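Right, one structure below, let's go through it.
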Protein chains: 2
Amino acid sequence: MQHFRSHYNSEVQMIRGGFPQPLISRTYQTSFLKQRSKAEIKVVAAKKHSEAEKRRRMRINGQYETLRTILPNLIKKDKASVLAETIKQVKELKKKVSKLEQDSCGNSSKDVVKFPSGADRLSLEKCSNEEGLVKATLSCEDSQGLMSAISRAMGSVKTKVVKAEIVSVGGRNRSVLWVQGLGNDRMGMLKSSLKIAMHKPAFKMRRSTQ
Amino acid sequence: MQHFRSHYNSEVQMIRGGFPQPLISRTYQTSFLKQRSKAEIKVVAAKKHSEAEKRRRMRINGQYETLRTILPNLIKKDKASVLAETIKQVKELKKKVSKLEQDSCGNSSKDVVKFPSGADRLSLEKCSNEEGLVKATLSCEDSQGLMSAISRAMGSVKTKVVKAEIVSVGGRNRSVLWVQGLGNDRMGMLKSSLKIAMHKPAFKMRRSTQ
DNA sequence: TGGTACACGTGACCC
DNA sequence: TGGGTCACGTGTACC
């Protein structure tokens with residue numbers, strides 16, 4: 001405010017001619033009044049301007065404030081640090097989300113329950129985000145000996161199932177098997193072994209009549 | 001720069017007395033010189049100050065720039081909008097992450113592979129985020145008939161396993177079973193059935209000699 | 001005392 | 001033309 005007034009005074013003074021005016025003629029006086037009202041208009045505009053600018057600043061600073069409350073572990077509270085931390089957080093969160101979305105081996109949270117396909121299917125796929133891990137997905141007729149058959153297929157290529165996800169519904173089965181320690185060369189072997197297991201489990205268990 | 005110079009000139013002029021100085025005494029002159037050098041110092045300081053301020057502005061504006069590149073779907077590029085969009089994004093991402101982390105039934109991506117416990121364990125727990133879904137977790141000795149025994153336990157309470165996650169390692173087994181359509185009243189029944197299945201599978205399968 | 005951070009009012013620019 | 005945005009240099013406060 002102080003600042004503003006000083007600017008205003010110096011401005012009016014400059015308009016007046018920049019030096020003291022002891023006695024002035026009538027024409028000079030009217031001209032001076034005209035100038036003064038012009039200056040007045042200008043001042044009003046300036047005031048409007050500065051108020052608008054203040055509103056803008058407040059809007060922006062409000063955003064900074066909410067950012068400060070949102071961000072955790074914010075040590076330095078100055079604007080630059082807030083922005084820097086924000087950028088860091090956004091990047092981290094984005095990475096986290098994309099990690100979580102592709103979710104370990106492609107079983108995204110969107111398909112927690114993926115039902116067996118009606119048609120028989122078998123696919124092997126290397127996990128992009130885990131070295132030496134292969135994901136085998138199969139859909140086939142459900143039968144009592146199926147799991148044993150699959151186990152034997154696994155054993156035949158000397159691999160270890162690290163994780164399995166199995167859904168049986170309506171006489172159909174869908175199994176996803178994460179297999180560790182399978183060389184490129186033995187992927188084909190595993191595939192054919194699994195194919196056999198899917199279609200004719202080596203021996204069928206008797207259905208227990210409980 | 002223009003701006004700066006005008007300020008400088010007007011300041012010096014004011015120091016000089018705010019009006020033209022045609023002829024001045026010797027003492028006045030030395031005083032003037034002193035004033036001038038003082039003004040000079042002040043000007044230098046002001047320059048330093050304004051440069052520092054410029055650096056600060058640039059630092060902040062740089063951050064805005066990176067934010068603008070990071071944020072997708074940014075229509076309005078002004079500072080307030082950038083901040084607003086940033087806040088929105090951070091909030092959304094945070095929500096997304098927490099959603100993904102609790103991950104459907106508590107199998108967070110952090111324990112994709114959760115190994116069987118050495119001690120026998122059995123717990124049933126209602127899934128908070130899915131109505132009517134119960135998650136049964138068990139760790140026990142692995143045996144050939146285990147899965148059939150568990151199946152029978154499930155059948156005995158007329159429920160359906162919607163999803164299963166099974167890990168066998170070192171002769172121990174850890175199974176997580178998501179069970180649908182289990183009333184509060186039958187949770188105890190399922191638990192005791194599973195307990196029995198874990199410890200003495202109704203009949204043991206012969207180990208196939210392949 | 002110098003360095004740093006902020007709010008301020010202002011001129012310039014753009015719809 | 002006016003409303004909005006920006007960069008600028010400055011005054012001020014804190015350490």
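In this text, all values refer to a predicted model and were calculated from it rather than measured experimentally. Below, read A as the first sequence line, B as the second, and so on, with proteins coming before strands; counting in each chain starts at 1.
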key: Rounded distance in Å - NZ (A:K42) to P (D:dG2)   = 14 Å
Contact list (N/O, under 3.5 angstrom) for nucleotides 13-15 of chain D vs protein:
none

message = Between the base of C:dC6 and the side chain of B:E53, is there a donor and acceptor pair under 3.5 angstrom?
response = yes
remark   = Sorted by chain and residue number, the salt bridge (charged side-chain N to carboxylate O under 4.0 Å, His left out) partners of B:K54 (sequence neighbours excluded) come out as none
message = Please determine whether salt bridge (charged side-chain N to carboxylate O under 4.0 Å, His left out) holds for the pair A:D142 and A:R174, giving the CA-CA distance in whole Å, both sets of side-chain angles, and the decisive distance to 0.1 Å.
response = CA-CA 8 Å; A:D142 195 17; A:R174 178 179 189 269; over 6 Å; no
query = Atom CD1 of A:I41 and atom P of D:dT1: how far apart are they, to the nearest Å?
reply = 11 Å
task = Check each residue of residues 72-89 of chain B for a non-hydrogen atom within less than 4.0 Å of any atom in DNA chain D, then write out the ones that pass by number, or none.
result = B:D78, B:K79
ask   = Can you find a donor-acceptor N/O pair under 3.5 angstrom joining the side chain of B:H49 to the base of D:dG9?
value = no
ask   = How would you list, by chain and number, every residue that makes a side-chain hydrogen bond (donor to acceptor under 3.5 Å, both in side chains) with A:K191, sequence neighbours excluded?
value = none
query = Between residues 56-70 of chain B and DNA chain C, which residues have a heavy-atom gap below 4.0 Å?
reply = B:R56, B:R59
inquiry  = Applying side-chain hydrogen bond (donor to acceptor under 3.5 Å, both in side chains), can you list everything that pairs with A:R68, at least two apart in sequence or on another chain?
reply    = A:E65
query = Rounded to whole angstrom units, what separation is found between the NZ atom of A:K48 and the C1' atom of D:dT1?
reply = 12 Å
remark   = Applying side-chain contact (heavy atoms from CB on, under 4.5 Å) to A:K158 and not counting sequence neighbours gives none
query = Who are the salt bridge (charged side-chain N to carboxylate O under 4.0 Å, His left out) partners of A:K77, not counting sequence neighbours?
reply = none
request  = Applying side-chain hydrogen bond (donor to acceptor under 3.5 Å, both in side chains), name anything that partners A:S81, two or more places apart in sequence or on another chain.
outcome  = A:D78
message = Taking only side-chain N and O atoms of A:K54, does any of them lie within less than 4.0 angstrom of OP1 or OP2 on C:dG9?
response = no
task = List for me each residue that meets salt bridge (charged side-chain N to carboxylate O under 4.0 Å, His left out) alongside A:K96, sequence neighbours excluded, and say none if there are none.
result = B:E101
message = Using every non-hydrogen atom in the two residues, find where A:L122 and A:K195 come nearest and quote the distance to one decimal.
response = CD2-N, 3.8 Å
ask   = Pairs in or reaching into residues 83-93 of chain A: which pass salt bridge (charged side-chain N to carboxylate O under 4.0 Å, His left out), with residues at least two apart or in two chains?
value = A:E85-A:K88
ask   = Got a sec, which residues hit side-chain hydrogen bond (donor to acceptor under 3.5 Å, both in side chains) with A:R56, two or more places apart in sequence or on another chain?
value = A:E53
